[in-house]
Amino acid sequence: MAHLFLVKDIAFQAGLSTATVDRVLNGRPGVRRQTEMRVKAAIAELEKQQAGAMGSGRMLAIDIVMETPQRFSDAVRAAFEAEMATFLPGVFRCRFHFAEVMKPAELVQLLDRIRLRGTHGIVLKAPDVAEVAAAVARADAAGIPVVTLVTDLPNSARIAYAGADNRAAGETAAYLIGEFLGVSGGKVLVTLSSGRFRGEEEREIGFRRVIRAGYPEIGITEISEGHGTDAATGTLAAAALAADPAINAVYSIGGGNRAVLAAFDAAKRPVRVFVAHDLDADNRALLAARRIGFVLHHDLRTDARSAFRAIMSRATALPRAVTPSLSSVEIVTPYNMPAAD
């Protein structure tokens with residue numbers, strides 16, 4: 001595969017190891033087609049960035065760090081890669097650091113490593129814990145702006161938050177479920193990936209407030225710490241169903257929706273209404289199949305654009321920092337699902 005770039009630069013752009021990139025470039029066996037396409041796309045993106053850099057003379061390399069299930073990280077990657085092109089010739093290069101589960105110490109170690117290596121900015125989805133906030137403070141002190149994505153760290157030195165109003169999203173979910181169940185009531189299974197994420201906590205607070213105020217006949221059962229993975233979330237959901245025969249609805253804050261539905265199927269229990277978040281590939285399929293009723297969606301490309309602009313305002317020393325506006329929450333049904341990017 002012909003190219004003009006260093007292997008480490010292609011690996012940086014593709015989010016792959018240099019060894020993997022080397023195997024692709026030299027046509028060695030054992031490489032998946034998807035990996036080969038990522039390398040080709042990275043080279044094409046580097047070519048576009050090189051052309052833009054020749055005109056602008058400035059390139060901003062940023063790091064996207066997320067603890068999140070792969071189905072969501074795939075959607076985030078697609079959104080950031082799509083938005084990068086709109087900023088040419090003001091060039092961004094993104095390196096992605098994704099893991100489904102990270103201990104706080106591992107996340108802090110990664111943030112410190114990025115700080116020491118150097119970057120023009122960090123976009124971060126992380127739990128709201130003291131050690132992560134301290135790592136953000138070290139990055140800010142080193143002149144590296146940090147923008148939080150989807151879930152905020154309001155008591156940290158981050159320069160901006162890019163995402164939706166999570167409390168309003170939770171209130172919207174409560175309204176949909178409350179109106180659907182009506183006076184017949186029931187109990188809602190609320191699933192969180194982890195209680196450590198501020199965004200999920202805000203959704204839950206909004207949900208409980210509206211249910212308590214407007215639909216007191218509806219109960220709530222919460223499960224947490226499944227980290228959005230199917231295996232752990234499914235186990236927690238099955239245990240909750242076995243313990244409470246009144247559960248007949250789901251508000252999925254943290255994902256793992258296929259596993260939650262499988263738990264209901266295994267228990268031979270109906271789901272009267274299911275509200276989820278984010279139009280990832282799983283939720284698109286479940287919505288199209290009528291297995292879930294509503295998806296609360298916000299445009300990740302809008303979030304990516306907000307993050308880019310906030311970092312650019314710091315990097316170019318604008319007199320007034322850009323404050324991103326919150327992205328709007330859209331109620332998506334099988335009948336108004338937007339096309340996939």
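Counting from 1, the numbers follow the sequence of the chain as shown.
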If you compare all heavy atoms of Gly182 against all heavy atoms of Glu217, which two are closest, and at what distance to 0.1 Å? O-OE2, 3.3 Å
Within the side chain of Thr151, is there an N or O that forms a donor-acceptor pair under 3.5 Å with the backbone of Gly199? yes
Should we count CD of Glu179 as having more than 12 external heavy atoms under 6.0 Å? yes
Any donor-acceptor pair under 3.5 Å from Thr119 side chain to Ala61 backbone: yes
With Arg196 as partner, the option from Glu131, Glu67, Glu201 fulfilling salt bridge (Lys or Arg N to Asp or Glu O under 4.0 Å) is Glu67
With clusters defined by side-chain heavy atoms of hydrophobic residues (ILVMFWY) lying less than 4.5 Å apart, directly or transitively, does Val210 cluster with Leu181? yes
Do Arg198 and Thr148 meet the criterion of a side-chain donor-acceptor pair at a distance under 3.5 Å? no
Distance-only, no hydrogens or angles: does the Arg32 side chain make a donor-acceptor pair with backbone N or O of Gly30 under 3.5 Å? no
Gap separating the CG atom of Leu153 from the NZ atom of Lys125, nearest 0.5 angstrom: 10.5 Å
If we ignore hydrogens and angles and just use 3.5 Å, is the side chain of Arg209 paired with the main-chain N or O of Arg167 as donor and acceptor? no
List the steps and the verdict of side chain to side chain contact (heavy atoms under 4.5 Å, CB included) for Phe92 and Glu83. CA-CA 9 Å; Phe92 283 95; Glu83 278 303 303; over 6 Å; no
Check the pair Asp280, Asp74 against side chain to side chain contact (heavy atoms under 4.5 Å, CB included), reporting the backbone distance first and the verdict last. CA-CA 8 Å; Asp280 55 39; Asp74 286 346; over 6 Å; no
Any chance you could lay out the side-chain hydrogen bond (donor to acceptor under 3.5 Å, both in side chains) test for Asp278 and Asn283, step after step, and finish with the verdict? CA-CA 7 Å; Asp278 305 315; Asn283 282 345; over 6 Å; no
Same cluster for Ile292 and Leu192 if Ile/Leu/Val/Met/Phe/Trp/Tyr side chains link at under 4.5 Å? no
Tell me whether Glu100 at atom CD has more than 12 heavy atoms from other residues, nucleotides or ligands lying less than 6.0 Å away. yes
Glu200, Glu171, His277, Arg203 screened by side-chain hydrogen bond (donor to acceptor under 3.5 Å, both in side chains) with Asn166, the one that passes: Arg203
Could you check whether Tyr251 and Glu204, counting side-chain N and O atoms only, form a donor-acceptor pair closer than 3.5 Å? no
Report the C-alpha distance between Ser184 and Arg272 in whole Å, list the side-chain angles of each, state the deciding distance to 0.1 Å, and finish with yes or no for side-chain hydrogen bond (donor to acceptor under 3.5 Å, both in side chains). CA-CA 11 Å; Ser184 61; Arg272 291 198 60 199; 3.1 Å; yes
Running the 4.5 Å side-chain criterion over Ile, Leu, Val, Met, Phe, Trp and Tyr, what cluster does Ile205 land in, apart from itself? none
Out of Asp299, Thr302, Asp303, Asp165, which residue meets the side-chain hydrogen bond (donor to acceptor under 3.5 Å, both in side chains) rule with Ser327? Asp303
Okay, side chain of Arg23, backbone of Val31: is any donor-acceptor separation there less than 3.5 Å? no
Residue set satisfying salt bridge (Lys or Arg N to Asp or Glu O under 4.0 Å) with Asp244, at least two apart, ordered chain then number -> Lys187
Keeping the roles fixed (side chain from Arg138, backbone from Asp112), state whether a donor-acceptor pair exists under 3.5 Å. no
